[in-house]
Amino acid sequence: MSEQLELYDITIIGGGPAGMYAAFYSGMRDMKTKLIDAKEELGGRMLIYPEKMIWDVGGVTPILCEKLVTQLVQQAKTFDPTIVLGQHITGLERQEDGTYILEAASGERHWTRTILLAIGRGILKMAKLELEGAERYEVSNLHYTVQELGPFRGKRVLISGGGNSAVDWANELEPIASHVTVVHRRDQFGGHEKNVLRMKNSSVDVLTPHEVTQLYSSNGHSIERVTIRHIESEETQQLEVDAVIVNHGLKADFSGIKDWGLHMDDWNVFVGPKLNTNLPGIFSAGDFAAYDSKITLIAGAFTDAALAVNSAKLYMDPEAPYMAYVSSHNERFKEKNKALGVTEE
Ligand SMILES: Cc1cc2nc3c(=O)[nH]c(=O)nc-3n(C[C@H](O)[C@H](O)[C@H](O)COP(=O)(O)OP(=O)(O)OC[C@H]3O[C@@H](n4cnc5c(N)ncnc54)[C@H](O)[C@@H]3O)c2cc1C
């Protein structure tokens with residue numbers, strides 16, 4: 001290797017609850033740690049629901065999710081890991097000595113003895129309207145998000161989708177737009193029941209189970225008309241529109257990593273009892289790791305993280321203790337307790 005890279009004991013990919021807790025725990029195990037996330041912010045999927053009250057994390061009384069993220073970030077930084085944000089890891093090269101070089105899509109490289117994949121559902125992207133040529137209208141009147149209501153004033157708006165956001169946007173646009181139609185493949189809608197009822201009891205036209213099958217434009221620039229089809233009868237009808245808003249949820253992207261030779265399916269990597277993948281020195285924790293009796297919750301992510309880090313430590317040093325201890329034997333906590341003003345016997 002001609003380039004000058006610093007070797008880390010463990011590189012954790014993914015800064016959600018699993019990755020953040022692993023960054024703390026690997027510090028407890030005296031491992032030189034790097035934590036990488038594709039986003040510019042730590043928190044993982046918890047960043048999607050900052051306003052939610054979290055009730056089901058042991059020892060934590062109901063807490064706003066964004067506050068729990070702040071505390072997790074603080075804990076992750078306890079032993080000063082190197083934190084790298086804004087890098088989407090895609091490449092992997094195994095070196096002759098068994099170490100690995102990871103590569104980001106943007107070209108940065110990272111050298112490591114072990115890897116912890118805490119990548120949850122991968123890089124989440126908006127699911128696009130899967131109709132030929134749809135992308136050309138993204139610059140005019142095909143929207144995947146509503147940032148401002150103003151541009152929809154007086155317009156005939158069609159919303160495709162039935163998630164939380166689709167329902168919220170329908171309710172917000174109803175008094176502003178000249179007409180709102182919601183088209184959804186299922187009869188059931190996501191989101192709060194009271195918001196769904198509000199939408200159904202308003203002037204919004206709710207068409208289920210329907211889907212958008214074609215977009216028309218006479219000027220080639222903006223959508224003027226759409227065909228919608230009833231899912232069961234396959235009957236179609238045309239609607240004149242001024243704007244189309246699509247809310248088809250999020251799609252997982254494991255690009256790069258799915259070519260590493262891991263034993264995985266569309267959503268998960270299969271791990272053994274040590275949270276080990278089929279590749280030597282590569283472990284997984286959190287929602288990405290699949291095994292019997294798996295719990296895809298924050299609390300499960302913490303347990304996975306501790307187990308996987310212990311396995312990585314033992315992979316590097318088979319003589320190391322099985323797990324970390326918070327005790328007077330752990331010098332690092334002795335110092336930190338002193339800094340907190342706690343004196344120990
Ligand atoms: C709406 C909602 C509400 C929820 N409510 C609760 C609740 O009340 N209680 C509870 O316990 N759980 C709840 N959950 C579940 C919980 O959020 C997940 O179980 C948890 O976030 C999983 O953590 P993780 O660290 O495995 O993955 P994630 O939180 O998904 O984090 C993965 C991180 O990896 C990064 N990443 C992915 N691929 C790469 C790559 N190639 N390179 C670099 N970075 C990458 C992503 O950017 C992301 O930041 C909820 C989930 C949702 C969606």
Side-chain angles (χ1 to χ4, degrees), residues 11-25 34-69 72-73 75-76 83-92 100 102-110 112 115-125 163-165 168 190-192 249-260 262 264 266-269 271 275 282-291 294-309:
T11 298
I12 301 158
I13 309 174
M20 286 190 284
Y21 189 69
F24 163 74
Y25 196 87
K34 188 181 270 187
L35 173 62
I36 305 176
D37 201 290
K39 293 201 205 97
E40 293 294 346
E41 207 178 341
L42 291 174
R45 238 160 339 130
M46 293 172 78
L47 297 173
I48 297 177
Y49 51 95
E51 302 295 324
K52 183 177 175 184
M53 288 302 282
I54 307 292
W55 288 76
D56 53 352
V57 174
V60 181
T61 48
I63 183 170
L64 256 187
C65 185
E66 66 180 353
K67 175 128 196 271
L68 186 55
V69 170
L72 277 165
V73 172
Q75 187 181 39
I83 297 177
V84 177
L85 297 174
Q87 287 192 25
H88 175 190
I89 298 298
T90 50
L92 176 78
Y100 286 103
L102 290 161
E103 189 166 309
S106 44
E108 292 88 349
R109 286 155 71 82
H110 307 273
T112 187
I115 296 169
L116 177 56
L117 291 168
I119 58 176
R121 297 283 175 240
I123 307 291
L124 291 173
K125 293 190 170 159
N164 228 332
S165 303
D168 286 353
H192 296 296
L250 298 165
K251 232 170 132 178
D253 175 7
F254 292 108
S255 58
I257 291 179
K258 68 177 170 5
D259 305 320
W260 290 7
L262 289 163
M264 62 182 282
D266 287 348
W267 291 100
N268 299 100
V269 65
V271 293
L275 281 280
I282 304 187
F283 303 85
S284 184
D287 282 8
F288 186 53
Y291 55 88
K294 171 79 186 185
I295 297 176
T296 50
L297 286 173
I298 297 163
F302 295 160
T303 314
D304 281 2
L307 277 169
V309 168

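We count ligands from 1, going down the list as the structure has it; atoms in each ligand are counted the same way. This one's a predicted model, so the numbers in the text were calculated from it and none came from an experiment.
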Side chain to side chain donor-acceptor pair (under 3.5 Å) partner of D287, chosen from K294, R45, R121: R45
Which one of [options] has a non-hydrogen atom at the shortest distance from [atom]?
atom                    : options                : answer
atom 18 (C) of ligand 1 : L250, I123, D287, I119 : D287
atom 2 (C) of ligand 1  : F288, Y49, Y21         : Y49
atom 49 (O) of ligand 1 : D37, I36, I295, V69    : D37
atom 21 (O) of ligand 1 : G15, P17, G44, G16     : P17

I295, CD1 atom: more than 12 neighbouring heavy atoms under 6.0 Å: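 At most 12 heavy atoms, drawn from other residues, nucleotides or ligands, come within 6.0 Å of this atom.
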Contact check: [X] vs ligand 1, nitrogen or oxygen atoms, below 3.5 angstrom:
X    : value
I298 : yes
I89  : yes
A38  : yes
I54  : no

What do we get for [X] next to ligand 1 when only non-hydrogen atoms under 4.0 Å count, side chain, backbone, both or neither?
X    : answer
I257 : side chain
Q87  : backbone
D56  : side chain
I13  : side chain

Numbering as shown, the atoms of ligand 1 that approach T296 to under 4.0 Å (heavy-atom distance):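 What qualifies from ligand 1 is 19 (O).
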Approximate separation, where rounding is to 0.5 Å, of I282 CD1 and Y100 OH: 4.0 Å
Gap separating the CD1 atom of I123 from the OG1 atom of T90, nearest 0.5 angstrom: 10.0 Å
Protein heavy-atom partner closest to atom 27 (O) of ligand 1 - residue, atom, separation in Å: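 It is G120 CA, 3.3 Å.
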Protein heavy atom at shortest distance from atom 28 (P) of ligand 1: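 Of the protein heavy atoms, R45 N, 3.6 Å lies nearest.
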